[in-house]
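Just so we're on the same page: letters track the sequence lines, and every chain starts at 1.
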Amino acid sequence: MVEIKSIVKDYLERAKSGEDIEEIFEKGKEEAEEIKERFNAYITVSEPSAERKGKLYGALIAVKDNICTKGIRTTAGSKILEDYVPEFDATCVERVKQEGGAVLGKTAMDEFGFGTFSTNCAFGIPKNPLDANRSCGGSSGGAACAVAASKMPVISIAESTGGSITAPAAFTGTVGLTPTYGRVSRWGLIDYANSLDKIGVIGRSTYDVALLLSVIGGRDPKDTTSSTEKVDEYERLEEKRLKVGIPKEYFEVEMEKGVEEGVWNAIKKLEREGVEYKEISLPSTSLAIETYYIISMSEASTNLAKYCGLRYGLQKNIEGSSNEYFSEVRSLGFGEEAKRRIILGTYMRMAGYRGKYYEKALRLRTRIINEFKNAFENVDIIATPSMPILAPRFEDIEKLAPEEVYSMDIMTVSPNLAGLPTLSIPCSKSNSLPVGIQFIAKHFHEKDLLDFGYFAEGLFGYGG
Amino acid sequence: MEPRPVIGLELHVKLATRTKLFCSDPNSYEESEPNTNVCPICMGFPGSKPSLNKRAVELALIACLALNCSINKRFAFARKVYFYPDLSKNFQITQYEIPIGKDGYIDVEGRRIRIRRVQIEEDPAKTEHVGGDITSAHYILLDYNRAGTPLIEIVTEPDIASPQEARKVINVIASMLDHIGVFEWEREASLRVDANVSLEGGNRVEVKNITGAYNVEKALSYEIARQKALVQAGKAVERETRHFDELRKATIGLRTKETEEDYGYIFEPDLAFFEITEEMIEKAKPVLEEVPSKKIVRLAEEYGITKDQAGMIVFEGKHLTEFFEECAKEYENKDRLAKWVVGDLLKCLNWNGIKINESKVSKEGFLELLKLIDSGVITERAAKEVIKEYVPTGRSPEEIVREKKYEKIESEEETRKIVDEVIKENMKAYEDYAKGNKEALAFLIGKAIEKTNNRVDPKLVKKLIEARVAQ
Amino acid sequence: MESYEEIERVAKIARIKLSEEEKEKFAKQIPSILSLFSKVSEADPKEEASLHPIPISGNESLREDEPKKFEWNPLSNAKEKEGRYIKGPRIV
């Protein structure tokens, strides 16, 4: 067992014992500017500050750029929001500030979260700190990059709709926590697909992500889908051995050899430490990609309707009819993937097609949820590879057709559709690239998930 | 045979809540500076999320029960997507698959008009066209104070047979919702209506966004005439959406291509399912005692007025009914009170295009006027003149009487002088009457009333003329 | 949405004007994406639709009808305005 040291924990103690906080902020900012320069992790670096002491006093919080920050430009990675400066903080940001956390900057992302590799960015593509020719993963690529490239006490608030936390965590060798749907308030989150969007955390250790979740989680009347379930002090981690299920469909997927070997080795390691595992089945995995993209595109195409050159964001001289004006602004402001998803989403909602696509996908989501429920009657944790591949080269990504990119989300879309909490931690290395393992737990069982992850993390010995 | 018109209505009723449907901004837009009663939710800012107003659900439920609807105990909201500058998110949060109420009805003058559905939805922002109209303006100005106002949309089946009936249906529904506190019926124009109209067997035309029942009648009359003219000319009526121009009293084609299939409804994923509980229904029940049909019976019994009188009072809404009841508490002659309320008071209010609550009419002033008649200070005819001035100004009737010298001429001597003058000026009529022409008598009395500005007592005038002929 | 024209029609409904290049690209890509999705359109799920991954009761979060002002400047991001009004394009 290796004790994974948390730099964040270190700094929190130093700040508590009176170390000059301004110096931490200054160094943090300097480093962030450099990471922005080298890897495009940030769209905006801000001026860190903390007004009071609390659980996060001494920590630097990087915020994904689809989360509103009062007075700090928030673009969601889109040209259509290039100059948008919110007048209010997202609830999670407000809670960070209340606990003495300092916002360090806004991290790069695929436009509105539309991507698996952070290559659909309006303001520079984040590069993997481990190999700048490779992707950080998406859509929270900047969030993972900001953490992976840093030696300062940085934790990222990220967001996942279909796997946007797990993918970048796996590719950068960081820890990614996607909480249960409704665990963290979405007030202030710029919507991609509201019935799927979950604000989560990327950090360098389970401690880091547990700490930040304990601050940002919990009921918020401003998001009526947020849950009243109690939030634990997740950062009080205790090693926990739980019963693991291995879904056979996930291991039948075509995946890179290094990933398969790395994940199996990790499972064997767990077994040697007394963790029982058994094979389980989630038969609808084969429909998950399609179900996910139909629901998310349908919702996304309605969310993006509001961007039309009025009130905020990209605006032009008011000319012509509303049709002409809206079409002009939207065609200029949205990138290619956004346009693709808007058109597909619009089509799949239209009368005559809604029944075929949107409504069926909602029914299939129920089936997928039920399959997980059944599986969890026999196991506590489901383990899968985080991604079927290692961090890919940009030149290889370019060759992929859109549906091939979508298919890369096969490991993550099902738990995201079911709103289950997941934790991705680095479990191995292949050709000096990290391999991530994804643990899935029951709804609102983040405590189990993190305690189990804490145990596994020490066992695998990566990260920190 | 003339083709029969087939009419269905969609009424947009503003719910009488304190806050908007999905945010806590005040639900009042008329007197505020532009864009002051607004927040990121109703202005469609990214990151904002709706949260549903409990009172709006309660009021919608009351409306559904009063309209005899069956209630969907579990309902959700939907996004109706269409691009329109007044729609802050370019989708409207409304109800689609599962509205709160469906399959109701309302009886209007013995005819049953079926209600297809009642849904809760938000109102868009207000627009002003600058430098032209809806199709020719240079640009528009947007005020989001109205955006997010809670509405119920009441959709009738196409059971309405004429523009006149459409107007009646709207007013009956408005009056009912006013009585049960769902809606503040401030003026006829507080309702916005979309009207679907076709000639039996022909294509349906939707006339959008008509303000008030009166304009609905006008819009429908125009539209039916237009469609009949097309049919007579052997042309087809196109299925389309039209706009009603209040000034020209005509409907105009909008050439918008959005059709029902393009709305692309999805569930509103920021809101969950809501349930109507037994508790909520129990809570709504006492309010339903205030529906017009029950109120009419109560008024007739309690105040000994006729059902027709009670019906006319109640039809005008909650405020006039309350006004009548308050007056009745202090005023003995209920018959005179009822006659004056449904008669001249109402006539004057309608003439001025206002409802009683926004007029300057007060219980004190109105009763003062009636008492002037009772005590013989003025004639009933003079009172009809006084009220014309009283309603728009709210000035004391006594003062008006004094200033305009409306006091009844009591003395016989003075009246005789006037009669003499009238006869002198209308000798021919007098002679006709003397020869037995009764109409000439009425003419002479009229002249006396006219000459004195209603101050003479017509009975006395008659007596004096008759006496003179008898001489 | 197999044809060029159909893609254009849907794009128009969504107020997106496609460049020639985009049209060509999408005309190739969109049919193959939809053929991936055909797995769903050909399925016959009997389950009820789920609005959210977790059943959520809306009643618990019904908002009391109490006015509350949101402290902000609603016009700070608006470039096209006139007085306190937001300027917008002619409707039709």
Side-chain angles (χ1 to χ4, degrees), chain A residues 84-85 87-88 180-182 195-196 221 224-225 228 287 289-291 293-294 301 308 310-313 315 317-328 330-331 334 336 339-340 342-344 346-347 356-357 359-367 369-370 401-403 406 417-419 443, chain C residues 1 6-19 21-22 25-26 28-30 32-54 56 58 60-63 70-81 86-92:
Chain A
Y84 177 53
V85 181
E87 288 269 330
F88 62 98
T180 309
Y181 181 82
S195 79
L196 296 160
T224 60
T225 64
T228 50
L287 285 163
I289 293 275
E290 298 77 1
T291 302
Y293 275 97
I294 291 170
S301 64
C308 63
L310 299 179
R311 307 181 296 279
Y312 52 78
Q315 293 158 71
N317 284 333
I318 300 291
E319 261 171 3
S321 71
S322 59
N323 274 354
E324 291 158 356
Y325 179 76
F326 291 172
S327 303
E328 191 202 334
R330 290 165 61 78
S331 304
F334 289 130
E336 187 186 307
K339 287 178 188 168
R340 201 158 27 233
I342 289 170
I343 291 170
L344 279 159
T346 302
Y347 174 75
K356 250 171 93 179
Y357 294 104
E359 283 169 11
K360 277 191 181 172
L362 291 185
R363 290 170 187 274
L364 286 172
R365 168 155 70 185
T366 308
R367 184 185 290 177
I369 295 167
N370 290 341
E403 68 273 19
Y406 301 163
L417 277 167
H443 287 141
Chain C
M1 203 167 23
E6 221 187 335
I7 290 170
E8 215 174 356
R9 185 174 83 86
V10 178
K12 221 170 167 179
I13 293 170
R15 304 300 184 267
I16 301 281
K17 204 162 52 191
L18 295 171
S19 67
E21 195 191 339
E22 283 169 333
K25 214 172 190 179
F26 286 4
K28 273 199 221 109
Q29 290 170 340
I30 285 178
S32 61
I33 296 168
L34 285 175
S35 87
L36 176 76
F37 293 169
S38 67
K39 256 201 236 165
V40 165
S41 57
E42 284 156 17
D44 186 20
K46 296 278 180 268
E47 289 83 356
E48 252 190 65
S50 51
L51 174 47
H52 292 107
I54 300 167
I56 299 169
E60 279 176 25
S61 56
L62 280 170
R63 180 173 50 80
F70 194 93
E71 293 305 324
W72 72 318
N73 174 3
L75 306 174
S76 65
N77 278 283
K79 289 183 184 135
E80 296 290 328
K81 52 192 164 188
I86 300 276
K87 239 171 108 173
R90 179 180 79 234
I91 290 173
V92 185

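Separation of atoms CG (A/L344) and CD (C/Q29) is listed at 9.5 Å; rounding is to 0.5 Å. A/T366 OG1 to C/K46 NZ: the interatomic distance, rounded to the nearest 0.5 Å, is 13.5 Å. With rounding to the nearest 0.5 Å, the separation of NZ in A/K356 from CD in C/E42 is 8.5 Å. Distance check, rounded to the nearest 0.5 Å: CD1 of A/I318 to CD of C/E80 gives 5.0 Å. If you take OG on C/S35 and CD on A/E290, they are separated by 10.0 Å, rounding to the nearest 0.5 Å.
No other option in C/I86, C/L36, C/L18, C/L62 has as many heavy-atom pairs under 4.5 Å with chain A as C/L36. Ranked by non-hydrogen atom pairs under 4.5 Å with chain C, the options A/N317, A/L310, A/T180, A/L364 are led by A/L364. The candidate from C/G88, C/P74, C/S50 with the greatest count of non-hydrogen atom pairs under 4.5 Å with chain A is C/S50. Interface summary for chain A: among C/R63, C/E71, C/K17, C/E60, the most heavy-atom pairs under 4.5 angstrom belong to C/K17. Heavy-atom pairs under 4.5 Å with chain A peak, among C/V40, C/V10, C/I56, at C/V40. With respect to chain C, the highest number of heavy-atom pairs below 4.5 Å among A/I289, A/I294, A/I342 belongs to A/I294. Considering only heavy-atom pairs separated by less than 4.5 Å from chain C, the leading option among A/L196, A/T291, A/T224, A/N370 is A/T224.
Under the 4.5 Å side-chain criterion, counting only non-hydrogen atoms from C-beta, A/E336 is in contact with C/F26. The shortest distance between side-chain heavy atoms of A/T346 and C/I16 does not fall below 4.5 Å.
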Evaluation steps, side-chain contact (heavy atoms from CB on, under 4.5 Å), between C/I30 and A/Y347: CA-CA 11 Å; C/I30 285 178; A/Y347 174 75; over 6 Å; no
Verdict with supporting geometry, A/N323 and C/R15, side chain to side chain donor-acceptor pair (under 3.5 Å): CA-CA 7 Å; A/N323 274 354; C/R15 304 300 184 267; 2.7 Å; yes
Stepwise side-chain contact (heavy atoms from CB on, under 4.5 Å) check, C/I33 with A/Y406: CA-CA 9 Å; C/I33 296 168; A/Y406 301 163; 4.0 Å; yes
Verdict with supporting geometry, A/E87 and C/F70, side-chain contact (heavy atoms from CB on, under 4.5 Å): CA-CA 10 Å; A/E87 288 269 330; C/F70 194 93; 5.7 Å; no
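Taking a cutoff of 4.0 Å between a charged side-chain nitrogen and a carboxylate oxygen, A/K339 and C/E22 qualify as a salt bridge. Between A/R363 and C/E47 there is no salt bridge, since no side-chain nitrogen of the basic residue lies less than 4.0 Å from a carboxylate oxygen of the acidic one.
Residues C/P53 and A/L417 share a closest heavy-atom pair of CB-O, 3.5 Å. The minimum heavy-atom distance between C/P89 and A/S322, with the atom names listed, is CG-CA, 3.6 Å. Nearest approach of C/V92 to A/S321, heavy atoms of both residues: C-CB, 3.8 Å. When every heavy atom of C/A43 is checked against every heavy atom of A/K360, the shortest pair comes out as O-NZ, 2.9 Å.
Only the side chain of A/T228 comes within contact range of chain C, with at least one heavy atom under 4.5 Å from a heavy atom of that chain. Heavy atoms closer than 4.5 Å to chain A are found in the side chain of C/K25, but not in its backbone. When heavy atoms are compared at a cutoff of 4.5 Å, A/Y325 approaches chain C solely by way of its side chain, counted from C-beta outward. Only the backbone of A/A418 comes within less than 4.5 Å of a heavy atom of chain C; no side-chain atom from C-beta onward does. In this structure, the portions of A/Y84 lying under 4.5 Å from any heavy atom of chain C include both its backbone and its side chain. Heavy atoms of A/I369 lying under 4.5 Å from chain C belong exclusively to its side chain.
Formation of a donor-acceptor pair under 3.5 Å by the A/R365 side chain with backbone atoms of C/L51 is found in this model.
Using a 3.5 Å distance cut-off with no hydrogens or angles, the side chains of C/S32 and A/E403 do pair a donor with an acceptor.
Note: A/Y357 and C/F37 have perpendicular aromatic rings, judged against thresholds of 30 and 60 degrees for the angle between ring planes.
For NZ of C/K81, the number of neighbouring non-hydrogen atoms (other residues, nucleotides, ligands) closer than 6.0 Å is greater than 12.
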